[in-house]
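A short worksheet on the structure shown next.
Worth knowing before you read on, the calculation uses all heavy atoms, side chains too, and leaves out hydrogens, waters and symmetry mates. Whatever order the structure lists them in is the order used to number ligands and atoms, beginning at 1. Owing to the predicted nature of the structure, the values given are computational and were not obtained by experimental measurement.
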Amino acid sequence: MAKMWAGRTDGMTEQIADDFNSSIHFDSRMYRQDITGSMAHAAMLAAKSIITNEDADQLIAGLEQILHDLDSGALEFDMTCEDIHMFVEQVLTQRIGDVGKKLHTARSRNDQVALDIRMYLRSQIDEISQLVTDLIRAVTEKAEAYKASIMPGYTHLQRAQPITYGHHLMAYAMMLLRDRERLADCRKRMNLSPIGCCALAGTTYDTDRYLEAERLGFDGICRNSLDGVSDRDFCVELMSALSVLMMHLSRFSEEIILWSSWEFKFVELSDAYTTGSSIMPQKKNPDMAELVRGKTGRVYGDLMALLTTLKGLPLAYNKDMQEDKEAVFDAVDTVQMCLKVFTGMVATMTANEANMKRAAQKGFINATDLADYLVKKGMPFRSAYKISGSLVALCIRENTVLEELPLQTYQTYSDLFDADLYEHIDLVTCVEKRISEGGTSTASVAAQIEWVKTQI
Ligand code: ARG
């Protein structure tokens with residue numbers, strides 16, 4: 001069949017060229033945005049007397065019916081159409097006749113597609129933000145349950161200082177809150193209407209871009225028509241916010257994978273979120289966490305793909321830009337799936353508090369507190385640090401721990417040592433003393449939890 005744009009050419013393209021050119025198999029998911037955009041356009045054309053009210057009524061009723069039929073499944077996409085915009089216009093014209101051909105007055109597919117993507121992605125941002133909020137809630141609930149459970153805190157993956165599991169979990173709640181903010185920020189810049197920019201230069205018709213923007217829930221309009229049709233910054237920004245979000249999920253996944261190993265045994269994943277091995281009967285694999293970690297690379301890839309596509313494009317629209325959609329759709333789909341699985345996994349994960357505590361008891365995790373003890377009794381920190389280090393070395397030589405060294409031994413290193421040192425280096429004391437704002441004491445973790453609750 002000859003193309004809707006036949007005229008300059010005969011429109012009789014090769015099948016392989018059609019297949020290569022067409023985007024309907026991925027842009028059909030924007031049908032709702034395409035149709036509501038067209039309804040607002042028809043209303044604006046009538047309001048500005050560019051078409052009659054009767055024409056607009058017919059166009060809008062026809063569009064409404066198409067939307068209804070697509071929703072119900074009564075109408076199927078025609079995969080021989082080039083894209084969703086052509087499909088809707090074709091069905092409309094088949095159904096209501098020549099009036100259908102008036103819809104495309106004072107617009108182009110270039111501003112139309114830009115409009116559709118912005119509307120589609122802003123609704124995806126709303127869904128993703130909700131999923132992030134659900135995850136923050138799940139993480140915060142766990143943190144509340146384990147706010148006094150002691151575990152080793154690490155630097156360089158070496159035991160560093162004792163912390164609580166609740167404190168560790170709340171670090172992720174903070175990251176996720178920033179992710180939500182980044183999404184909201186991106187949505188703000190995305191929510192400007194490009195419709196009315198037309199092909200690239202605007203139009204000779206006396207249109208009202210503000211009217212259309214307002215009807216479609218935009219906060220304003222793109223102020224330069226060339227920019228309006230060639231801007232895909234909002235896709236890049238969204239994918240970069242999603243990449244940071246995935247990076248957070250991936251770090252969390254990595255810890256869950258480590259923690260659920262026999263070597264750590266800090267957490268146990270629910271059977272509902274693990275898999276077995278087809279050959280090794282003892283296995284309980286953290287596949288969900290591994291897949292989230294793996295899919296992070298995929299979302300970064302989507303971001304890099306679009307950045308690379310855009311980097312050499314002259315103004316304004318170029319067909320290269322059709323490549324934006326598969327990348328950004330893949331990113332939003334992947335992130336939504338990951339968030340849903342991750343929230344379920346975290347909500348059903350249990351901690352092995354005894355093992356965490358045991359791990360914290362080894363590794364001289366209270367050596368800093370031992371040094372602080374001497375400092376509080378008047379010794380300069382550097383000297384105290386040295387004595388504490390020598391005592392650790394002694395413990396290693398004698399295969400013992402700081403808690404079990406006799407007081408006499410301590411006193412050969414400094415006469416500032418007294419019996420109260422044992423209480424001072426007790427893990428619970430070490431944690432509960434860290435009362436500085438944002439620190440690991442139970443009170444501080446409780447304050448973090450309360451604050452996060454006010455944010456969600
Ligand atoms: N399918 C196209 C895209 O996704 C729509 C815009 C086409 N515009 C054009 N002048 N060929 O970018």
(message) Looking at E89 and R107, is any side-chain nitrogen of the basic one under 4.0 Å from a carboxylate oxygen of the acidic one?
(response) no

(message) Students should be able to answer this: which protein heavy-atom is nearest to atom 11 (N) of ligand 1, and at what distance?
(response) R109 NH2, 3.6 Å

(message) Checking a contact table here: which protein heavy atom is nearest atom 1 (N) of ligand 1, and how many Å away?
(response) Q322 OE1, 2.8 Å

(request) Identify whether NZ of Lys or CZ of Arg in R109 sits under 6.0 Å from the centre of the six-membered ring of Y317 and within 45° of that ring's axis. (result) no

(request) Decide, yes or no, whether a salt bridge links R118 with D231 under the criterion of side-chain N to carboxylate O below 4.0 Å. (result) yes

(request) Consider only side-chain N and O atoms of D287 and T275, and report whether a donor and an acceptor are under 3.5 Å apart. (result) yes

(message) Only heavy atoms of S23, strictly under 4.0 Å: list the atoms of ligand 1 that pass.
(response) 1 (N)

(request) List the closest protein heavy-atom neighbour of atom 12 (O) of ligand 1: residue, atom name, distance to the nearest 0.1 Å. (result) Y317 OH, 2.6 Å

(message) Looking at D369 and R434, is any side-chain nitrogen of the basic one under 4.0 Å from a carboxylate oxygen of the acidic one?
(response) yes

(request) Write out the residue and atom name of the closest protein heavy atom to atom 5 (C) of ligand 1, then the distance separating them to 0.1 Å. (result) D83 OD2, 3.6 Å

(message) Quick check: H85 and ligand 1, any N/O pair under 3.5 Å apart?
(response) no

(request) Return yes when K325 approaches ligand 1 closer than 4.0 angstrom through a heavy atom, no otherwise. (result) yes

(request) Verify the ring-centre separation between F266 and Y165: is it less than 6.0 angstrom? (result) no

(message) On a heavy-atom basis, I'd like to know which of L200, N110, D111 is closest to atom 10 (N) of ligand 1.
(response) N110

